[in-house]
2 protein chains.
Amino acid sequence: MFIENYYQLVYKDIMTSKEKLRKAGLRPTKQRMIIANILLDGINRHFTAENLQDEINSSGNSMSIATVYNCLKKFRNCGLIKQIETSKDTAVFDTNTHQHHHFLNEETGELIDIEDDEINLKSLPKIPQGYFNNGVEVLIKLKKQD
Amino acid sequence: MFIENYYQLVYKDIMTSKEKLRKAGLRPTKQRMIIANILLDGINRHFTAENLQDEINSSGNSMSIATVYNCLKKFRNCGLIKQIETSKDTAVFDTNTHQHHHFLNEETGELIDIEDDEINLKSLPKIPQGYFNNGVEVLIKLKKQD
DNA sequence: CAAGTAGTTTAGAATGATTTTAAAGTGAAA
DNA sequence: TTTCACTTTAAAATCATTCTAAACTACTTG
């Protein structure tokens, strides 16, 4: 907990959004900086494109939904955010880019984080020839009792 | 392998599609029997709604795409098939209803089965109060080397 | 700093998967 | 056999996401 807070502080303060974007290989446009300011504060969050546009709007800014989608794809492709693997009808993104896992409440669709070290993935199968393991995602589906 | 074949044989032959549907609590309509004949042969398969409609057509039958979707939802809800948790733009279903896992080829979108016993899920986190574990799905994302 | 260019944003149209609608059809119970 | 709830259907509707192509803007080079 202490370390997490420390990390968030450092992450938040040491680099400007402009620097974070450049480091990720993205041209720091006005729109990307607005989004980076919202998303890249070191706090773990799940969100959809629509959620994000709402946040952009409540921050006093605005931008085309096409730009929101463009940015999310760019941010995801260069690893600034992650897309969660679920069969929900809307894409869900995650600001936590470290390997971790989720509970999925099957009734509500809610996703709850599980830290990587809470799951013991001892034996994994042999990775197919010519490929490498680019991340493991565990989903534990939850149903209400009774 | 021997056991699997034996199982498939039994599963295929012991119950008619009509009986399987009834056992699952579904009224055995003409359309559901056509689909059950295609899907419930004990062979593990991944497919989309469109894939299935193609198979229906090549079997000499035909049905509305709305019916295909209706049936898939019913079959899934009563456990005759499973929907795979991935963020692909099209829903992917699986005739293997036992707990198992997948490799996801991130370049092609291809899904490859992993048997449950190939992954050692020793420690799982505490399930939230009032819920129970309704299935664990592990996804190993693959990328091409180099 | 000026001009050029590649990359970006945008509104609106287009796409594609899935769902809805409402009317006609059908399985099963009595 | 009648009845009724459930199912199927074609077509329209919906909804998330992508495309289009024109206007804009960040960076490079001179």
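Not measured: the values here are computed from a predicted model.
- DNA chain C lies under 4.0 Å from at least one heavy atom of each of the following residues of residues 46-75 of chain A: Met63(A), Ser64(A), Ala66(A), Thr67(A), Asn70(A), Lys74(A).
- Along DNA chain C, the nucleotide nearest to Arg22(B) and the one nearest to Asp89(B) differ in position, and the one closer to the 5' end is contacted by Asp89(B).
- Hydrophobic clustering, with ILVMFWY side chains joined whenever heavy atoms are under 4.5 angstrom apart, groups Ile56(A) together with Leu26(A).
- Under 4.0 angstrom from either OP1 or OP2 of dT8(D) there lies at least one side-chain N or O belonging to Thr29(B).
- Residues Leu21(B) and Ile38(B) fall within the same hydrophobic cluster, defined by Ile, Leu, Val, Met, Phe, Trp and Tyr side chains chained together at heavy-atom separations under 4.5 Å.
- Regarding Gln31(B), its CD atom lies at a distance of 17 Å from the P atom of dC6(D), rounded to whole Å.
- A heavy-atom distance below 4.5 Å is found between the side chains of Leu40(A) and Leu80(A).
- Of the possible donor and acceptor atoms, none in the side chain of Gln145(A) sits under 3.5 Å from a partner among the backbone N and O of Phe132(B).
- Here the side chain of Asn51(B) pairs a donor or acceptor atom with the backbone of Thr48(B) at under 3.5 angstrom.
- Taking a heavy-atom distance under 4.0 Å as the criterion, the stretch of DNA chain C touched by chain B extends 5' to 3' from dA17(C) to dA28(C).
- Taken to the nearest 0.5 Å, the CD atom of Glu85(A) stands 6.0 Å off from the OG1 atom of Thr86(B).
- Transitive grouping of hydrophobic side chains (ILVMFWY, heavy atoms separated by less than 4.5 Å) keeps Phe47(A) and Ile84(A) in distinct clusters.
- Listed for the Lys20(B) side chain is no donor-acceptor partner under 3.5 Å among the backbone atoms of Ala36(B).
- Nucleotide dC27(D) holds its C1' atom 13 Å from the CZ atom of Arg32(A), rounded to whole Å.
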